[in-house]
There are 2 protein chains.
Amino acid sequence: MLRITALCNTVKVSPRKLDPETRATLVDIAARLLAEHGAEALSTRKIAAEAGTSTMAVYTHFGSMSGLVREMVHEGFARLERQFAMVRRTDDPVADMAVLGYAYRQNAKANSHLYAVMFGGQSLAGFSLTEDDRQYGRYTLVTVVECATRCIEAGRFRDGDPLLIAHEMWIATHGLVNLELGGYLIDPVDADRCYDTILTSLLVGVGDDTRSVAASMAASKQRRQHEVEAESAPAEPVATQG
Amino acid sequence: MLRITALCNTVKVSPRKLDPETRATLVDIAARLLAEHGAEALSTRKIAAEAGTSTMAVYTHFGSMSGLVREMVHEGFARLERQFAMVRRTDDPVADMAVLGYAYRQNAKANSHLYAVMFGGQSLAGFSLTEDDRQYGRYTLVTVVECATRCIEAGRFRDGDPLLIAHEMWIATHGLVNLELGGYLIDPVDADRCYDTILTSLLVGVGDDTRSVAASMAASKQRRQHEVEAESAPAEPVATQG
DNA sequence: CATTTTAGCATAACATCGTTATGCTAAGAA
DNA sequence: TTCTTAGCATAACGATGTTATGCTAAAATG
């Protein structure tokens, strides 16, 4: 996970160290540009100008623009994991599941451009995910898998593969978020209504009974505001990983 | 639907008409470049070079690169609609629904880069969907809505809003395709397995009983190869819409 | 058929992009 | 204090989307 540093800190003498603050600043500015003005606004020159340095800084710290994007993607995964960690494990695991889905959705909406690169298959500045990156992404699913396991153990879900159930939840939530961000879900059938409907449908489909699902969904709505950040703080300093 | 032509053919005299063949050729080449080499390879110069013309042709015919992308997107919607039209309406509407989902999935995989622009929220060459474009996209859903209606009328689905049910199917299939194209669905839980699982789960969730769903899913698999093109023919001439 | 009109298209320029070669310089090692 | 060397500024390279400029061919008109 920290193997990028090997590119910079060789075993030999180092006459001048990389400024980790510069590195963090660059990622921070890039993330803000991406979030505020979209993919088209992300350029080495704009980043360098805002950081008060030259475009070369991007190359000494990240190798290329893609390297900087990768850094942002990793930070995005970490942020999603932090969001998941904020969701409590209660004795109503189905409600937990619903809150997790909401957390995923909120995180995606708060970092829509980055999310498009992380999960949407969007290549940004020539960057595309490596298998390692995807594995990082899949790893965030373990929280959901554990939750599915607890749902089965509690007798709410039919006995089955919790990994497969977690994928169902992921796929549905991901599909919803993507179409929501694409502007496809509008008034009579908006995103919130769709989310309720499809989640309910899925939970019933995996074995829970209709009445219990309704109760857990209602409970999850109470918990949302406490356990899920309404919006991911954009001013939050990002991890520098080096 | 044909209002683009108004930009070119003014009411006044026309000393020299636009060559509709050139227009079609440009769209065709652009679509092939996009499909074969991805978004990065789509440039006015490459298109013009392959078409044996200058970059100006793109601007006289489409106004900008975005205009050309819009043309491709519209063609993509039309192609999806044609795929849907090939799915039969049988007395097993739930199987019809499963075949429709498979058609959506196949179409997305055969035109992945274009699909990313149509539904994935990816902005290509500065192009982003207008509300009109999205309405065009939503219109393809009517086939699914009608199918959901037939499922309700046949007593397979609980009584409910067919539009909402269609959205459930759309969201799930879209989510699956997106993660599949992103390379996230691998061996133990691959895309095919996920598709079966989530579709079954959803169909049970909207009211069908487990045994009927299994039968319809099996029936749909028999019909796939006949009613869904395995791969959209890339050499197929595109409609010029003018 | 000759003339006029005018829009398609080629050419070339512009600003901007990612990237890289070059050199200066500051910071750590001796 | 001197030497080493890697960070960073500068400037250039090729490629991008777009636009200004003119040539020219095709339609309209007489």
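A quick note: this is a predicted structure, and the numbers were derived from the prediction, not measured.
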Nearest-Å distance for atom pair OH/P, residues A/Tyr59 and C/dA21:
12 Å
Heavy-atom closest pair, residues B/Ser66 and B/Ala125:
OG-O, 3.3 Å
Can you say whether the rings of A/Tyr104 and A/His174 are parallel (under 30°), tilted (30 to 60°) or perpendicular (over 60°)?
perpendicular
A/Lys46 NZ to C/dG18 C1', straight-line distance once rounded to whole Å:
13 Å
Provide, to the nearest angstrom, the distance between the CE atom belonging to B/Met56 and the C1' atom belonging to C/dA10.
9 Å
Rounded to whole angstrom units, what separation is found between the NE2 atom of A/His61 and the P atom of D/dA6?
14 Å
Roughly, in whole Å, what's the span from CZ in A/Arg45 to P in D/dA11?
13 Å
Start at the 5' end of DNA chain C and walk down; is the nucleotide closest to A/Glu40 or to B/Thr53 reached first?
B/Thr53
In whole Å, what is the span from the CG atom of A/Leu26 to the C1' atom of D/dG7?
12 Å
Nucleotide C/dT19, atom P - distance to CE of A/Met65 in whole Å:
8 Å
Please determine whether a side-chain nitrogen of the Lys or Arg among A/Glu40 and A/Lys46 lies less than 4.0 Å from a carboxylate oxygen of the Asp or Glu.
no
Give the rounded distance in Å between these two atoms: CD1 of A/Ile47 and P of C/dT19.
11 Å
Have a look at B/Ser54 and say if it touches a base, only the backbone sugar-phosphate, or nothing, with a 4.0 Å heavy-atom cut-off.
base
Salt bridge flag under 4.0 Å for residues B/Arg105 and B/Asp192
yes
Could you check which of D/dC8, D/dG17, D/dA11 has an atom nearest any side-chain atom of A/Thr60?
D/dC8
By the 4.0 Å heavy-atom rule, please label B/Leu68 as base, sugar-phosphate, or nothing.
nothing
